[in-house]
Each structure stands twice: as C-alpha cells, then as structure tokens.
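Down below is the structure, laid out as structure tokens.
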Amino acid sequence: MTESRPRRSVRRTLPARKRIALIAHDGKKAELLEWAERWRDTLAAHELVGTGTTAGRLSASLGLEVEGLMSGPLGGDQQIGARLTEQRLDLLIFFWDPFAPQPHDPDVKALLRLAALWNVPVACNAASADFLISSPWLDKPYEMDIPDADAWVASRNPE
C-alpha cells in the first residue's frame with residue numbers, strides 16, 4: 001500500500017548560523033528594509049539570500065552580505081523553493097502583499113507549500129518576523145522532523 005504523504009521520520013538539525021531567505025513583493029520592500037534595519041546586527045550573524053531587487057536593496061542600504069538570486073517572477077521563487085527542498089535554507093522571511101495581484105501567484109503558493117512540507121519556519125509580515133528573529137533557537141542548533149522523502153518515493157515505486 002502506498003502512502004499519500006511522506007512520514008516525518010527524518011531528523012534535520014538546523015545549524016546555529018542560520019541560512020535565511022529574505023523576499024518582499026514590490027509593495028512590501030520598504031517595510032522589509034525597515035524591519036531588516038532594526039534587526040541588522042542579528043541578521044549580519046547569519047547567511048542571507050534574497051530574490052532580485054530585495055537582495056540588492058538590503059545589501060546597498062544596510063551593508064549586509066546578501067546572496068542575490070533572480071527576481072521572483074523570473075524564477076527567484078523557484079530558486080528559493082529548490083533550496084528549501086534541498087534543506088539549504090533554515091528560515092523564510094517573505095513579506096508578501098495581500099493587496100496587490102501578483103502575476104506569479106502560483107509560484108508564491110508553491111514556495112509556501114514547500115516551506116510547509118519541509119517544516120521550515122516562515123514569517124510573512126513584520127510581527128511574525130520579529131517572533132522568528134528573536135527566538136531563542138535562532139543562534140542555536142535546532143532539531144526538527146522533516147519528511148522521509150526516500151521512503152515515500154520507495155513506497156510509491158515498488159520494485
């Protein structure tokens with residue numbers, strides 16, 4: 001019998017120095033910059049990655065080292081999604097704009113789905129980002145359960 005979803009039976013340890021993705025829709029970029037300025041020293045202690053203009057503006061405005069990926073609509077959301085799937089990101093801070101229709105809404109939904117699937121903490125506004133970034137687990141290793149993808153694939157493809 002095949003399982004409809006993978007069991008969460010694999011342990012993953014997030015490192016003390018977290019890999020944090022920072023993304024903001026156009027209408028939320030200024031808000032993300034203000035938030036990041038308040039948390040600049042904390043963010044500087046971690047590895048940062050961002051999509052398109054967001055990464056560039058964070059680097060230029062705050063002097064933070066932020067690895068820049070493609071713009072979201074040009075594939076940056078998928079690049080972030082791939083890193084989530086590969087367990088190469090530990091936190092997702094994504095200030096999305098609920099008032100602006102986005103041409104890449106399906107990409108955004110897929111990104112959030114992957115974060116939920118792989119048990120990655122997500123903040124979608126300044127308040128939730130404050131809670132994540134001020135967590136006592138931010139600068140400590142953290143053990144969590146993730147899906148056992150290999151067992152799930154094997155159960156769906158019996159030889």
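Hydrogens, waters and symmetry mates play no part in the numbers below; they use all other heavy atoms, side chains included.
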Next item on the list: Kindly determine whether V10 and R12 satisfy side-chain contact (heavy atoms from CB on, under 4.5 Å), including the steps that lead there.
Entry: CA-CA 7 Å; V10 173; R12 175 181 176 210; 5.8 Å; no
Next item on the list: Decide side-chain contact (heavy atoms from CB on, under 4.5 Å) for I20 and I133; before the verdict, give the C-alpha distance in whole Å, the side-chain angles of both, and the deciding distance to 0.1 Å.
Entry: CA-CA 10 Å; I20 303 172; I133 208 79; 4.2 Å; yes
Checklist line | Chi angles and distances behind the side-chain contact (heavy atoms from CB on, under 4.5 Å) call for V66, V49 | finding: CA-CA 5 Å; V66 183; V49 61; 5.6 Å; no
Note to self: Assess the residue pair W35 and L22 against the criterion (side-chain contact (heavy atoms from CB on, under 4.5 Å)); give the C-alpha distance rounded to whole Å, side-chain angles, the decisive distance to 0.1 Å, and a yes or no.
What the structure shows: CA-CA 11 Å; W35 175 85; L22 300 162; 4.2 Å; yes
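Not a single donor-acceptor pair under 3.5 Å links the side chain of T54 to the backbone N or O of G50. A distance-only check finds a donor-acceptor pair linking the side chain of Q79 to the backbone of M70 [under 3.5 Å]. Under a 3.5 Å cut-off, the side chain of R57 and the backbone N or O of K29 do not form any donor-acceptor pair. For D90 (side chain) and R19 (main-chain N/O), a donor-acceptor pair under 3.5 Å exists by modelled atom type. T51 contributes no side-chain N or O that, together with a main-chain N or O of S71, makes up a donor-acceptor pair within less than 3.5 Å. Panel note: side chain K28, backbone P98; no donor-acceptor pair is recorded below 3.5 Å. In this structure, R17 contributes its side chain and D139 its backbone to no donor-acceptor pair below 3.5 Å. Of the possible donor and acceptor atoms, one in the side chain of H25 sits under 3.5 Å from a partner among the backbone N and O of D97.
L111 and G81 get closest at one heavy-atom pair: CD1-N, 3.6 Å. Heavy-atom minimum distance, L62 versus L33: CD1-O, 4.3 Å.
The hydrophobic clustering, which links ILVMFWY residues whose side-chain heavy atoms are closer than 4.5 Å, places L112 and L89 together. Residues I23 and L64 are members of separate hydrophobic clusters, defined by side-chain heavy-atom contacts under 4.5 angstrom among Ile, Leu, Val, Met, Phe, Trp and Tyr. Grouping the Ile, Leu, Val, Met, Phe, Trp and Tyr side chains by contacts below 4.5 angstrom, directly or via other members, places L138 apart from V120. The hydrophobic cluster containing L48 does not contain L92, counting ILVMFWY residues as joined when their side-chain heavy atoms lie under 4.5 angstrom apart, directly or transitively. W118 and L69 end up in the same hydrophobic cluster when Ile, Leu, Val, Met, Phe, Trp and Tyr side chains are linked at under 4.5 Å.
A salt bridge links D130 with R38; the closest basic N to acidic carboxylate O contact falls under 4.0 Å. Using a 4.0 Å cut-off between a side-chain N of Lys or Arg and a carboxylate O of Asp or Glu, R83 and E86 do not qualify as a salt bridge. Between R11 and E143 there is a salt bridge, since at least one side-chain N of the basic residue sits less than 4.0 Å from a carboxylate O of the acidic one.
Atom CD of E47 is separated from atom CZ of R88 by 9.0 Å, given to the nearest 0.5 angstrom. Here the straight-line distance linking atom NZ of K18 with atom OG of S135 works out to 8.0 Å at 0.5 Å rounding. How far CD1 of I146 is from CG of L84: 11.5 Å, rounded to the nearest 0.5 Å. Note: S128 OG to F94 CZ = 12.0 Å, rounded to the nearest 0.5 Å.
By the 4.5 Å heavy-atom criterion applied to side chains, L58 and L43 are not counted as neighbours. A heavy-atom distance below 4.5 Å is not found between the side chains of P141 and L14.
With a 6.0 Å radius and a threshold of 12 heavy atoms from other residues, nucleotides or ligands, W137 has its CH2 atom at or below the threshold.
Checked by atom type, the side-chain pair N125/W96 shows no donor-acceptor distance below 3.5 Å.
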